[in-house]
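Report on the structure given below.
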Amino acid sequence: DQQVKQNSPSLSVQEGRISILNCDYTNSMFDYFLWYKKYPAEGPTFLISISSIKDKNEDGRFTVFLNKSAKHLSLHIVPSQPGDSAVYFCAARTSGTYKYIFGTGTRLKVLA
Amino acid sequence: NAGVTQTPKFRILKIGQSMTLQCTQDMNHNYMYWYRQDPGMGLKLIYYSVGAGITDKGEVPNGYNVSRSTTEDFPLRLELAAPSQTSVYFCATGPGARLYNEKLFFGSGTQLSVL
């Protein structure tokens with residue numbers, strides 16, 4: 001039972017354009033969401049997060065949007081750069097716990 | 001600071017063999033996690049620990065054992081290796097403050113093949 005789903009395995013975007021990565025979840029007890037970026041042969045690194053009491057969080061070129069009623073979050077990267085090419089994972093934490101559940105990942109390729 | 005250190009980086013096992021994947025952190029974090037990454041399947045939580053002497057199962061604990069005798073170390077044990085355990089294993093740590101600015105820090109992974 002996949003509680004956190006990333007339905008697009010891959011995405012290609014031109015350099016300078018916007019990249020939108022999507023994530024859906026099923027567990028209404030998730031209260032905190034994170035995005036991680038992973039390069040080959042490296043561990044995932046933290047990108048940005050959002051709590052369930054907010055609907056938007058920005059950090060430079062990265063913005064995360066949360067729609068609780070739709071159980072959906074998205075990561076926007078503007079403008080996209082070739083160095084952004086990586087696998088992106090969304091993750092969610094269940095309220096009152098320290099368990100972090102990750103999605104299946106989306107491979108982003110930014111074309112120069 | 002080394003952060004989160006995993007050893008070995010690569011390992012090939014024969015079916016039925018056993019091994020321990022090591023994870024050490026110098027971040028003084030209370031929480032430690034083991035994940036496995038299979039192609040197209042994302043990261044699956046195997047076990048996690050909220051402090052020395054306390055461990056709990058994640059999403060896919062079968063075939064694995066863990067222990068947490070110190071804050072720094074969280075080894076993952078495979079007793080009877082099976083081909084289904086071929087994967088990349090990641091250890092992660094978190095401060096466990098349950099705040100909305102918390103994040104996990106990952107090691108660089110152990111690539112394990114069971115043949």
Side-chain angles (χ1 to χ4, degrees), chain A residues 1-10 21 23-27 30-57 59 62 64 66 86-107, chain B residues 2-7 9-10 21 23 25 27 29-51 54-61 68 74 87-111:
Chain A
D1 179 28
Q2 189 72 33
Q3 297 184 65
V4 180
K5 302 176 186 179
Q6 295 175 255
N7 292 318
S8 298
S10 64
L21 294 89
C23 180
D24 296 294
Y25 61 96
T26 58
N27 190 339
F30 289 148
D31 69 344
Y32 181 55
F33 304 88
L34 309 89
W35 283 94
Y36 276 78
K37 175 178 178 179
K38 185 184 179 306
Y39 292 119
E42 295 182 10
T45 55
F46 172 78
L47 204 52
I48 193 169
S49 62
I50 187 167
S51 74
S52 57
I53 60 174
K54 300 176 77 173
D55 55 16
K56 178 182 173 181
N57 189 28
D59 184 2
F62 303 92
V64 56
L66 175 62
V87 177
Y88 289 78
F89 292 100
C90 65
R93 184 185 68 190
T94 306
S95 176
T97 78
Y98 296 91
K99 285 177 66 171
Y100 290 82
I101 305 300
F102 282 74
T104 50
T106 296
R107 183 177 302 277
Chain B
V4 183
T5 302
Q6 290 184 240
T7 56
K9 292 196 181 301
F10 304 94
L21 283 68
C23 177
Q25 55 113 347
M27 307 178 81
H29 284 168
N30 291 321
Y31 285 69
M32 297 188 75
Y33 306 79
W34 276 105
Y35 288 89
R36 58 178 285 175
Q37 183 191 8
D38 300 326
M41 299 298 291
L43 292 162
K44 291 289 191 182
L45 179 62
I46 305 172
Y47 272 96
Y48 67 106
S49 168
V50 304
I54 306 170
T55 62
D56 206 350
K57 295 178 181 178
E59 303 170 271
V60 290
R68 183 95 181 269
F74 189 40
S87 189
V88 182
Y89 291 83
F90 291 100
C91 178
T93 73
R98 209 186 292 180
L99 297 175
Y100 289 131
N101 59 354
E102 177 164 321
K103 56 190 177 185
L104 299 186
F105 296 83
F106 282 82
S108 57
T110 294
Q111 187 168 325

For each of A:Q2, A:E42, A:K38, tally heavy-atom pairs with chain B at distances under 4.5 Å, and name the one with the top tally.
A:K38
Kindly assign one of parallel, tilted or perpendicular to the pair B:H29 and B:F105, based on the angle between their ring planes and the thresholds 30° and 60°.
tilted
Which bit of [X] is near chain B, if near means a heavy-atom gap under 4.5 Å: side chain, backbone, both or neither?
| X | answer |
| --- | --- |
| A:F33 | neither |
| A:P44 | both |
| A:A41 | backbone |

Look only at the side chain of A:Q6 and the backbone of A:S8, and say whether a donor-acceptor pair between them is shorter than 3.5 Å.
no
Less than 4.5 Å apart, any side-chain heavy atom of A:Y32 and any of A:Y100?
yes
Centroid separation B:Y35 to A:F102 less than 6.0 Å:
yes
Contact part of [X] toward chain A, heavy-atom cut-off under 4.5 Å: side chain, backbone, both or neither?
| X | value |
| --- | --- |
| B:L45 | side chain |
| B:K9 | neither |
| B:Q6 | neither |

Is there a donor-acceptor contact under 3.5 Å linking the side chains of A:S49 and B:K103?
no
Answer key: most heavy-atom pairs under 4.5 Å with chain A among B:Y48, B:F106, B:F90 is B:F106
